[in-house]
Amino acid sequence: MSDVSLETIVSLCKRRGFIYQGSEIYGGLAGTWDYGPLGVALKRNIMNFWWQTFVDSREDMYGVDAAILMNQKVWQASGHAAGFNDPMVECLNCHSRLRQDHVKDNKCPVCGTAGKFSEPRQFNMMFKTNVGPVEDENSISYLRPETAQGIFTNYKNILDSFYPDIPFGIAQQGKAFRNEISPRDFVFRAREFEQMEIEYFINPEDWEKAFEQWRKDINKFLRELGLPEGSVHELEVPAADRAHYSKRTIDFEFDYPHARDELLGLAYRTDFDLANIQKATGKNMEYRPKDGGKPFVPHVIEPSFGVERAVMAVLVSAYAEDEVGGEKRSVLKLPAHLAPVKVAVSPLLKNKPELVKKAQEVYKTLKAEFGNVMYDDNGNIGKRYRRQDEIGTPHCATIDFQTLEDETITIRNRDSTQQVRAAISDLVTKLRS
RNA sequence: GCGAGUGUGGUAUAGCGGUUAUUACUCCAACCUUCCAAGUUGGAAACAGGGGUUCGAUUCCCCUCACUCGCACCA
């Protein structure tokens, strides 16, 4: 587990405008979280970096953004509609909740007590809704409980539009919804959350090779998010715990404040999903090799990332408490490319109009260039540095009296707290690197 | 969902059947400050929500909501 407490992270997120409780002013809504200005910046930076890494910089990837509402047949074919609607009973002796069809001989499989169960109740993990004005059986739909199906349902469209060489992948980022029994641990388990998923279509002969490559690519990505190697653990999921269609699954676990817990999954899903669609629709899901080889239904490797879990892991990894000049400080040592604020600009003193004027000029220049730039003239200079440290701003640019003479400013580094002098004209180039 | 616990400004906290509801930090304004949370002055800001008991409830009781811990759940 991490040595940062969850309270520390939650409090920082609230105080500095990263993440707030959903519907907080009305008393909250369990399992929902709202992102503030810095949180949404951090989250987007992570998501964009993922997209850049796995889609834009590759030649074998296709992005999609499918609708959250889908034809209910999708969930019937995938098994979700059945799996999410099992009647459950509770053992009145040991309070275990059990699927009714798992109770044999009217005995509790956990404590062995016979015949003492609550009435069966429906537990729907999917949020149900009705599409259109008439509420009947045919209008039922669900908020998607995973984004993957939006990829599988577009597999054939991608084939028709692009006919990519196999192996190729389809990537998607988007919201998913699960009516969790008990949302827990900050944003870790929420009812509304965001996923970044890839379905990588392969020739079944190559699955082991592709799986290993994904393992490597994922690890590289996690390093670039700033997660130290020792904080991520690959858990080979044993056959008994895997989904029935999966031949191999690795859970990438992270040392969160609450526990070592899942950050993302890498699963070999075989042809389960495409075969289901083929069965349900009668449409041919085969891929025809361009070299005239025998058509086949591709198999799939699925790397599936939880966005909020990544945000949390990045925050936990970046958080540090150290000392500067004998004073304690808390600092987010975020990788620069993920930081919500790229650079903060300050006048050394705010009661000197000439400094303020110059600082405003520099601020406007940088703002136009980078966008995520903050102007800060609160309190004194040391205080501003600490404020920026706490939200992970990698650099602070300070305008002082020398600036007025020679057009140079100081750039102060977040991690080392060291300062260098640089010409204003070089600023943009320097900060970009 | 079950069991246990918690809920006071943005954060962290003190407190009580009748208070002007404590303190610190943060925040805002002013002064000051020539590089790492300095100082002075002023200001904003809270008893989770709803019922009940009571002359009077932030305090006691009930319900709801949220959070924490354990169990279960995580297809």
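Just so it is clear: chains get the letters A, B, ... in the order the sequence lines come, proteins before strands, and each one is counted from 1.
- Heavy-atom distances to RNA chain B give each of A:Q419 and A:D241 a nearest nucleotide, and the one nearer the 5′ end belongs to A:Q419.
- Residue A:E354 contributes atom CD, which lies 12 Å from atom P of B:U34 at whole-angstrom precision.
- When distances are taken from the side chain of A:N380 to each of B:C67, B:A38, B:U11, the shortest belongs to B:A38.
- Counting distance only, with no hydrogens placed and no angle test, the side-chain atoms of A:R189 and the base atoms of B:C74 include a donor-acceptor pair under 3.5 Å.
- A cation-pi arrangement is absent between A:R191 and A:F177 under the rule of less than 6.0 angstrom and at most 45 degrees off the ring axis.
- A:E327 places its CD atom 15 Å from the C1' atom of B:C35, with the value rounded to the nearest Å.
- Judged by distance alone, the side chain of A:Q76 and the main-chain N or O of A:A280 form no donor-acceptor pair under 3.5 Å.
- At the phosphate of B:U34, neither OP1 nor OP2 sits under 4.0 Å from any side-chain N or O atom of A:Q402.
- Rounded to a whole angstrom, the distance from the P atom of B:U54 to that of B:G1 is 33 Å.
- Atom CD in A:E24 sits about 14 Å away from atom P in B:A46, given to the nearest Å.
- Below the 3.5 angstrom threshold, one finds a donor paired with an acceptor across the side chain of A:D400 and the base of B:C35.
- Base pairing of B:G70: its partner is B:C2, meeting the Watson-Crick or G-U wobble criterion (both donor-acceptor distances under 3.5 Å).
- Within 4.0 Å (heavy atoms only), A:Q21 reaches sugar-phosphate atoms of the nucleic acid but no base atom.
- Comparing B:C25 with B:G9, their C1' atoms sit 12 Å apart, to the nearest whole Å.
- For B:C35, the OP1/OP2 oxygens have no side-chain nitrogen or oxygen of A:K383 closer than 4.0 Å.
- For the pair A:L42 and A:I46, the minimum side-chain heavy-atom distance is below 4.5 Å.
- Using a 4.0 Å heavy-atom cutoff across all strands shown, A:N378 reaches sugar-phosphate atoms only and no base atom.
- For A:R412 and B:C36, a side-chain-to-base donor-acceptor distance below 3.5 Å is present, hydrogens and geometry of angles not being considered.
- On a pure distance criterion of 3.5 Å, no polar donor-acceptor pair joins the side chain of A:Y26 and the base of B:C65.
- No donor-acceptor contact under 3.5 Å links the side chain of A:S182 to the base of B:C73.
- Residue-level contact check: A:K14 touches the backbone only, with heavy atoms under 4.0 Å from sugar-phosphate atoms and none from bases.
- Nucleotide B:A57 forms a pair with no other nucleotide shown, judged by Watson-Crick or G-U wobble geometry with both contacts under 3.5 Å.
- If you measure from atom CD of A:E180 to atom P of B:G1, you get 13 Å, rounded to the nearest angstrom.
- Atom pair A:N351:CG and B:A29:C1' shows a separation of 14 Å (rounding to whole Å applied).
- For the P atom pair drawn from B:U58 and B:A21, the interatomic distance equals 12 Å after rounding to whole Å.
- Distance, A:E390 CD to B:C36 C1': 15 Å, rounded to whole Å.
- For A:I181, whose side chain is taken as the heavy atoms from C-beta onward, the closest listed nucleotide among B:C35, B:U33, B:A72 is B:A72.
- In this structure, A:E7 places its CD atom 14 Å from C1' of B:G7, rounding to the nearest Å.
- The side chain of A:Y385 lies closest to B:C35 when the candidates are B:A66, B:U68, B:C35.
- Note on residues 23-41 of chain A: pairs passing side-chain hydrogen bond (donor to acceptor under 3.5 Å, both in side chains), not counting sequence neighbours, are A:K14-A:E24.
- With hydrogens and angles ignored, no donor-acceptor pair closer than 3.5 Å exists between the side chain of A:R16 and the base of B:G10.
- Of the C1' atoms belonging to B:C36 and B:C74, the separation is 47 Å, rounded to the nearest Å.
- A distance of about 16 Å separates the C1' atoms of B:U64 and B:U6, rounded to the whole Å.
- Within 4.0 Å of A:D185, counting heavy atoms only, lie sugar-phosphate atoms of the nucleic acid but no base atom.
- Among the candidates A:K43, A:Q173, A:K175, the single residue satisfying the side-chain hydrogen bond (donor to acceptor under 3.5 Å, both in side chains) test with A:E194 is A:K43.
- Which of B:C71, B:C67, B:C73 sits closest to the side chain of A:R184 comes down to B:C71.
- Distance A:I25 CD1 to B:G9 C1': 13 Å, rounded to the nearest Å.
- Between A:S11 and A:A30, it is A:S11 whose nearest contact on RNA chain B lies nearer the 5' terminus.
- Here B:U11 is the nucleotide among B:A37, B:U11, B:C35 with the atom lying nearest to any side-chain atom of A:R15.
- Pair assignment for B:A24: B:U11, on the basis of Watson-Crick or G-U wobble contacts that are both within less than 3.5 Å.
- Rounded to whole Å, the separation between the C1' atoms of B:A57 and B:A12 comes to 26 Å.
- At a cut-off of 3.5 Å, with distance as the only test, no side-chain donor of A:Q149 or A:S78 sits close to an acceptor on the other residue.
- In summary, the aromatic rings of A:F186 and A:Y256 are positioned with their centroids too far apart to meet the 6.0 Å limit.
- Separation of the P atoms belonging to B:C55 and B:U13 is 37 Å when rounded to the nearest angstrom.
- Annotation: B:U59 and B:U19 have their C1' atoms spaced 12 Å apart (nearest Å).
- Under 3.5 Å, the side chains of A:E321 and A:S330 contain no donor-acceptor pair of N or O atoms.
- Among the atoms of the strands shown, only primed sugar atoms or phosphate atoms (P, OP1, OP2) are found under 4.0 Å from some heavy atom of A:F186.
- Contact annotation for A:T410: base contact, defined as any heavy-atom pair under 4.0 Å involving a base atom.
- Using modelled atom types and a 3.5 Å distance limit, the side chains of A:Y385 and A:S346 yield no donor-acceptor pair.
- Taking a pair to require two hydrogen-bonding distances under 3.5 Å in either a Watson-Crick or a G-U wobble arrangement, B:A38 remains unpaired.
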